[in-house]
Each structure stands twice: as C-alpha cells, then as structure tokens.
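These values consider heavy atoms only, across backbone and side chains, with no hydrogens, waters or symmetry-generated copies. Every chain is numbered from 1, with letters handed out A, B, ... down the list of sequences.
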Protein chains: 2
Amino acid sequence: MKNLKDLTYGIVGLGIMGGSFAKAIRQNILSQSGSKGKILVCNRSTACLSMAVNEGIADEAFTQDKTSELLKKSDIVFVCLYPHATLEFLKNYKNDFKSGAIVTDISGVKGIFEKSLPELLRPDVDFIIGHPMAGGEKEGYAASNAKFFVNHNYIFCRQTFNSEENYNLMKTLVTELGFTRITETTCDIHDNKIGFTSQLCHVIASALVQSARDPEITAFGGGSFEDLTRIAMINAPLWTELFISNKEKLCAHIDSFQKKMEEFRTAIMEEDSQKLKEMLEETREKRLMMGSVCTVAK
Amino acid sequence: MKNLKDLTYGIVGLGIMGGSFAKAIRQNILSQSGSKGKILVCNRSTACLSMAVNEGIADEAFTQDKTSELLKKSDIVFVCLYPHATLEFLKNYKNDFKSGAIVTDISGVKGIFEKSLPELLRPDVDFIIGHPMAGGEKEGYAASNAKFFVNHNYIFCRQTFNSEENYNLMKTLVTELGFTRITETTCDIHDNKIGFTSQLCHVIASALVQSARDPEITAFGGGSFEDLTRIAMINAPLWTELFISNKEKLCAHIDSFQKKMEEFRTAIMEEDSQKLKEMLEETREKRLMMGSVCTVAK
C-alpha cells in the first residue's frame with residue numbers, strides 16, 4: 001500500500017480549499033519523520049503561488065500553462081476548482097495525469113460528473129469523487145488554514161470502478177487532515193441531500209437578506225437574524241453555478257420548505273395556538289434528534 | 001437622582017431572563033462598595049427561589065402568594081413573564097406597587113401593552129416598556145448567568161408619560177448590566193422590526209427543520225443547516241404566544257420573504273445565471289452593509 005508521507009500531491013486551484021488542503025497535508029502528513037512527499041501547486045493567478053512557496057507550504061509552483069508538468073509528477077491530484085471548471089479540467093487534461101494517479105475533486109454538485117464519466121475516465125487513473133463539507137464566507141489562499149477541516153464531514157460518491165486500495169487510501173488521508181465523519185453515497189443522493197442542507201439554506205439566507213427593508217435592522221437583532229444570514233455573504237458566481245447545476249432537486253426542496261412556511265402562516269393567521277404549539281414542539285424534538293452537524297470554526 | 005447601588009430590585013419570574021437580571025445586578029451593581037441595595041425574587045415554582053437565596057444572588061425570596069409583599073418593597077420591578085402573563089400581572093397587581101416605583105417588562109411583543117395602557121397606569125408608578133434582546137434555546141434559572149446580556153441590544157418603547165429621570169436611570173442600569181446598543185422606538189415599530197429579525201427567523205428555522213425528510217441529514221452538513229436551525233430548538237408555548245400576538249406584522253414579513261424565495265426559484269429554474277448572480281451580489285453587499293448584530297455567546 002502506498003505510504004501517504006512519501007507521495008507527491010498536486011493541488012490545482014489554490015483558493016481557500018486548495019490552500020487548506022496544501023497546508024493540512026504539509027502539517028499533518030509531510031511533517032512525519034523521513035517523509036519524501038512533496039506538494040506541487042498551480043493556479044491561474046500567480047500571487048498565491050509565490051506565497052505558498054515562500055511559506056514553505058508548496059515545494060514547487062506551476063503557472064497555468066505548466067499544469068501538465070504538475071500532473072505528470074503527482075500521485076494524488078486535488079482539483080479545487082468550481083464545478084464546471086473541474087469538469088472541463090478533467091476533460092482537457094485527461095491524458096496528462098500520471099499513470100496510477102488518484103484524481104479527486106471538491107465540487108458541491110456531483111450529477112454533472114456522473115453524466116460525463118465515460119469521457120473523463122482512463123483505465124490507469126482512478127477518479128474518486130469527493131466533497132469536503134467545509135466552507136464559509138471567506139475566500140482565497142490567504143484565508144486558508146491547516147485546521148480548516150477539523151471536525152468536518154467528508155462525502156465520497158464511490159464508484160464501482162474505484163480500486164478498494166485507492167479508496168481506502170483517500171479515507172485515511174482525509175481522516176489525517178482532520179475530517180471526522182466520512183459518508184459514502186451515490187452522486188444522486190449527494191445532490192439531493194446537499195440541495196437541502198447547503199443550497200436550500202443559502203437560498204433562504206439570501207431571500208431573508210433581500211426581504212429586509214431596512215439596513216438598520218441590526219439594532220433590533222438578538223442573534224437570530226445574524227445566525228440565519230451569515231452564509232448570505234456569498235460567493236455569487238460559485239453559488240449561481242451550484243444552484244443551477246442542481247436546479248431540479250433544489251427547487252423541489254424550495255417547494256417543500258415553502259409549503260411548510262405556508263402551514264405556519266395559516267396556523268398563525270387563524271390563531272390556532274394548539275396546532276402551532278404542536279408544530280413547534282415537534283420541531284424542537286426533530287431538531288434535537290438530528291444532533292450536531294459539526295464544529296464550525298467561526 | 002436615585003443611586004442604583006442603593007435600590008431594591010424586585011424580580012418577578014426567575015427563569016433564564018429573570019435569573020440573569022438578578023445575577024447581573026448582583027455582580028455589576030450591588031457589589032459596589034457601600035451598596036445598600038437588595039434583590040427580591042418571586043416565582044411560581046419554588047426550587048429556583050432557594051437556589052437564588054443559597055447562591056447569594058437574592059436577599060429574599062417570595063412565593064407566588066406573597067408577591068404583593070415583594071412589590072411593596074421594590075424600587076425597580078422587572079416583570080420577567082410571558083407576554084400575556086405580564087399583561088395580567090400588571091393589571092392584577094396594579095395597586096400593590098410601591099409609590100414612585102419603576103416597573104419594566106421584557107416582552108417580545110409590545111402592541112398588547114400599548115392597547116391596555118389606560119388600565120395599567122397609576123400616576124405614581126412609571127411603566128417603562130423595554131425589550132432586552134437576548135435569548136437562546138436554553139431555559140430556566142439554572143441556565144441564567146451574569147454575563148448573559150454582554151454586548152446585546154436593548155430596546156425601549158418610551159412613552160410620553162415616562163419621567164425623564166426614570167428613563168435615564170433605566171438606560172444607565174441596562175448599560176451597567178452589559179447591554180451596549182440602546183434603541184428608543186415606538187411599540188408599533190418595535191413589533192414590526194422584531195417581527196422580522198426575530199419572529200420571521202424562528203418561523204423559517206422551524207419550517208426548515210419540518211421540511212427535512214431525513215433525521216440523518218446532519219452527515220451531509222457543512223455548518224449552514226446548523227446555523228439556520230439552532231433557534232428551532234424553540235420554547236413552543238412562548239413562541240406560539242409571540243407569533244399570534246403579532247400575527248398581522250409577522251405574516252406580512254412571511255409574505256415578503258416568500259415572494260423573494262419565489263424570485264430565486266424562478267431564476268434558478270430558468271437558469272438565468274445573470275439575474276441570479278446579480279441577486280447574490282446584491283445580497284452580499286446588503287448583508288455586509290448591515291454589519292454585526294451583536295456578539296452572541298453560544
């Protein structure tokens with residue numbers, strides 16, 4: 001079995017996610033004694049490349065036109081780009097991956113990959129579809145950090161063609177990087193659940209901010225409004241892509257949610273306090289039963 | 001002018017709010033050297049009364065049937081009951097307040113008081129309508145603490161009959177207890193804004209939990225769902241009362257919010273990425289402009 005501390009890691013896209021992968025790998029894997037592993041990074045803009053090299057995070061940096069060189073040397077490639085850019089990348093560089101490499105992504109929608117798998121696959125390269133469930137309103141390499149993934153969830157959409165050895169290696173790797181709860185599912189189930197826990201929540205937070213009539217509203221806040229709208233400080237191009245790529249599932253969740261809103265509205269307008277009390281008690285029970293999602297660093 | 005450290009404070013209702021007022025007054029006001037002030041507490045159930053006395057928070061505790069005795073001795077009375085219970089209390093004990101006393105409430109809806117003012121007022125007692133904007137999913141005296149109010153907002157619905165001296169005294173008092181942003185407004189504006197920042201947020205959080213099909217959803221969480229549903233661990237009887245007491249304003253906010261949800265839904269289904277991107281950019285700008293509500297202890 002491959003030894004994580006001796007592998008060469010290629011990070012494509014050095015934003016908050018790619019940067020955090022590089023930093024966590026450096027700190028948790030390559031700091032082990034006798035490590036022969038390396039971190040190679042590439043990115044469209046070059047400022048973060050020099051930063052990563054100067055900070056001792058990356059061993060070597062590649063400008064976008066030298067991407068193939070990075071790929072030829074990398075045992076495990078993290079493609080940390082937006083969803084459609086990831087898809088294009090996998091198609092365009094299909095023939096440049098090192099034979100035997102593991103390639104993985106971080107995209108928040110998975111259906112687009114499943115549909116294109118025949119075009120993406122190479123028999124000697126293992127594409128392991130993954131989703132590290134960490135994020136926030138911060139962006140860019142400067143906001144990345146080695147502890148970013150601690151106590152977060154990781155989802156793998158394991159495919160029948162994935163080798164068991166590679167899949168287990170990836171599970172070990174992400175565990176070493178701090179992820180604590182690893183879930184294996186299909187692309188379809190992933191998109192359905194993420195459409196609910198992540199995308200629907202972002203639509204709600206955005207609609208709530210949009211419906212505020214008064215920017216001075218925060219003088220009247222006790223914490224609820226801030227809780228519900230932290231995620232409204234949103235990366236517009238990324239979330240536009242995520243919402244539209246998963247539109248059928250997301251809109252079905254929007255519809256269920258709005259139906260529940262209407263039920264509450266009706267009970268309130270009709271002053272049906274018995275019904276409302278039951279609904280709220282049920283809500284509390286249901287939420288408590290769900291338990292904690294993860295420890296989110298704020 | 002009255003000296004805060006020498007006054008007798010009466011706390012009616014010793015839950016998380018009443019308990020936190022008692023503890024913060026003890027720690028921030030009555031610990032000053034030479035203080036002659038006292039804290040008197042009363043509550044329907046008696047377990048918390050002995051706790052407050054044993055902990056040295058209360059000087060004297062009164063069972064519910066001795067409420068009048070507490071009121072006859074108190075210079076400032078905090079009525080920390082549910083909204084309608086507060087209204088009933090003010091009516092029932094109108095003749096028991098000490099002459100010259102300040103009486104204040106903590107209710108999350110204010111319209112119900114404004115309507116009943118003629119029945120509540122006594123020329124020699126000053127009723128100052130207030131709303132400490134602190135809360136959470138915890139309940140009861142055991143969850144109260146002296147730092148509960150630090151960095152929170154306080155809203156006063158100042159009335160023309162309030163004496164300037166008393167009003168200023170209350171502002172000084174709540175500032176000493178840790179509140180940092182004090183807003184003066186009308187009962188009508190209060191109910192409209194709180195209907196948005198607080199009640200609408202609680203309806204949304206509850207509808208979101210209700211629309212979850214799967215209690216195992218938290219394996220797919222990255223923080224958003226947890227952020228949006230923390231407040232769904234709700235005190236059902238209290239919030240039923242708050243929602244229904246403010247139903248016209250709350251439902252108007254629900255309608256505006258639902259309309260915005262529909263706008264997002266339409267843009268997503270029509271794959272109108274230009275529109276969606278603009279909406280999300282506007283959202284981010286608007287949210288950033290609103291700034292921080294307060295520092296919420298979690």
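- Here the closest non-hydrogen pair linking A:Arg213 and B:Ala252 is NH2-O, 4.2 Å.
- For A:Asn246, no part lies under 4.5 angstrom from a heavy atom of chain B.
- Of the listed residues (A:Glu241, A:Arg265, A:Met233, A:Met289), the one with the most heavy-atom contacts under 4.5 Å to chain B is A:Arg265.
- Interface remark: B:Ile182 contributes no atoms to any contact with chain A (heavy atom separation under 4.5 Å).
- For B:His131, no part lies under 4.5 angstrom from a heavy atom of chain A.
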- Task: May I have the step-by-step check of side-chain contact (heavy atoms from CB on, under 4.5 Å) for B:Glu270 and A:Lys247, ending in yes or no?
- Result: CA-CA 9 Å; B:Glu270 289 175 356; A:Lys247 68 173 191 171; over 6 Å; no

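- With a threshold of 4.5 angstrom between heavy atoms, B:Ile231 approaches chain A through side-chain atoms but not through N, CA, C or O.
- Using a 4.5 Å heavy-atom cutoff, the side chains of B:His202 and A:Ser224 are in contact.
- Only the side chain of B:Thr183 comes within contact range of chain A, with at least one heavy atom under 4.5 Å from a heavy atom of that chain.
- What you find for A:Ala207 and B:Met261 is that their closest heavy atoms are CB-SD, 3.6 Å.
- If you measure heavy-atom distances from A:Ile204 to chain B, the contacts under 4.5 Å come from both the backbone and the side chain.
- For A:Lys277 (side chain) and B:Thr240 (main-chain N/O), no donor-acceptor pair under 3.5 Å exists by modelled atom type.
- Of the atoms belonging to A:Glu282, heavy atoms from both backbone and side chain fall under 4.5 Å from chain B.
- Residue B:Thr185 touches chain A through its side chain alone, counting heavy-atom pairs closer than 4.5 Å.
- The nearest pair of heavy atoms linking A:Ile244 to B:Ile268 is CG1-O, 4.2 Å.
- Summarising the geometry of A:Asn235 relative to B:Arg284, their closest heavy-atom pair is N-NH1, 4.2 Å, with the distance given to 0.1 Å.
- Looking at B:Phe264, only its side chain comes within 4.5 Å of chain A, counting heavy atoms on both sides.
- Proximity to chain B involves both the backbone and the side chain of A:Phe243, based on heavy atoms less than 4.5 angstrom apart.
- The two residues B:Gly221 and A:Asn153 come nearest to each other via the heavy atoms O-ND2, 2.8 Å.
- Partners of B:Ser107 under the side chain to side chain donor-acceptor pair (under 3.5 Å) rule, at least two apart in sequence or in another chain, do not exist in this structure.
- Below 4.5 Å, heavy atoms of chain A meet no heavy atom from residues 16-23 of chain B.
- Side-chain atoms of B:Lys260 never come within 3.5 Å of backbone atoms of A:Leu208 as a donor-acceptor pair (strictly under, hydrogens ignored).
- Contact of A:Leu228 with chain B is made through backbone and side chain together, with heavy-atom distances under 4.5 Å.
- Taking the six-membered ring for Trp and the full ring otherwise, B:Phe220 and A:Phe196 have centroids separated by 6.0 Å or more.
- With respect to chain B, the highest number of heavy-atom pairs below 4.5 Å among A:His190, A:Lys259, A:Glu262 belongs to A:Glu262.
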